Amino acid sequence: MAANVIIKTDERRRDEAAILKSFNGGARANTTAQNREYAEEINARMGEIKRKVGMRR
């Protein structure tokens with residue numbers, strides 16, 4: 001069984017850390033892993049929006 005591996009760039013890690021910091025680490029009811037996953041999703045959606053409006057990353 002093959003595992004899906006995501007290799008993150010330093011910029012992507014930095015962006016996700018900034019998102020978590022802006023939300024004070026995320027919701028206390030969530031686990032750390034859940035909050036990191038939510039930050040990853042927010043970062044991905046923001047990247048899509050930036051591409052659509054022509055902003056550079």
Side-chain angles (χ1 to χ4, degrees):
M1 179 188 245
N4 294 329
V5 177
I6 298 173
I7 300 172
K8 295 183 182 182
T9 63
D10 289 338
E11 179 183 9
R12 184 171 169 181
R13 289 177 203 263
R14 208 172 26 252
D15 290 346
E16 290 172 10
I19 290 168
L20 273 176
K21 185 176 179 183
S22 69
F23 286 102
N24 295 320
R28 292 181 187 184
N30 295 339
T31 64
T32 302
Q34 286 172 319
N35 284 326
R36 282 194 313 261
E37 189 172 325
Y38 293 141
E40 183 177 339
E41 184 67 23
I42 291 167
N43 190 43
R45 298 290 178 227
M46 288 303 297
E48 290 175 14
I49 291 167
K50 287 178 181 180
R51 280 190 293 281
K52 285 181 181 180
V53 299
M55 291 178 66
R56 292 183 133 166
R57 280 190 56 96

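Basis for what follows: all heavy atoms, side chains included, without hydrogens, waters or symmetry-related copies. Counting from 1, the numbers follow the sequence of the chain as shown. Small disclaimer: the values here were computed from a predicted structure and weren't measured.
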Practice problem: Just do the salt bridge (Lys or Arg N to Asp or Glu O under 4.0 Å) check on E41 and R45 with the steps written out, would you? | Solution: CA-CA 6 Å; E41 184 67 23; R45 298 290 178 227; 2.7 Å; yes

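With sequence neighbours left out, the side-chain contact (heavy atoms from CB on, under 4.5 Å) criterion links A27 to N30, N35. Shown here are the side-chain contact (heavy atoms from CB on, under 4.5 Å) partners of S22, two or more places apart in sequence or in another chain: there are none.
A distance of 10.0 Å separates CG of N43 from CG of L20, quoted to the nearest 0.5 Å. Separating the CE atom in M46 from the CD1 atom in I19 is a distance of 7.5 Å, to the nearest 0.5 Å.
A pairwise comparison of heavy atoms in E40 and E16 identifies CG-OE2, 3.4 Å as the closest pair.
The salt bridge (Lys or Arg N to Asp or Glu O under 4.0 Å) pairs that include a residue from residues 19-39 number zero, where partners must be two or more places apart or lie in different chains.
Residues K52 and E48 are not paired through a salt bridge, judged by the lack of any N-O separation under 4.0 Å between the basic side chain and the carboxylate.
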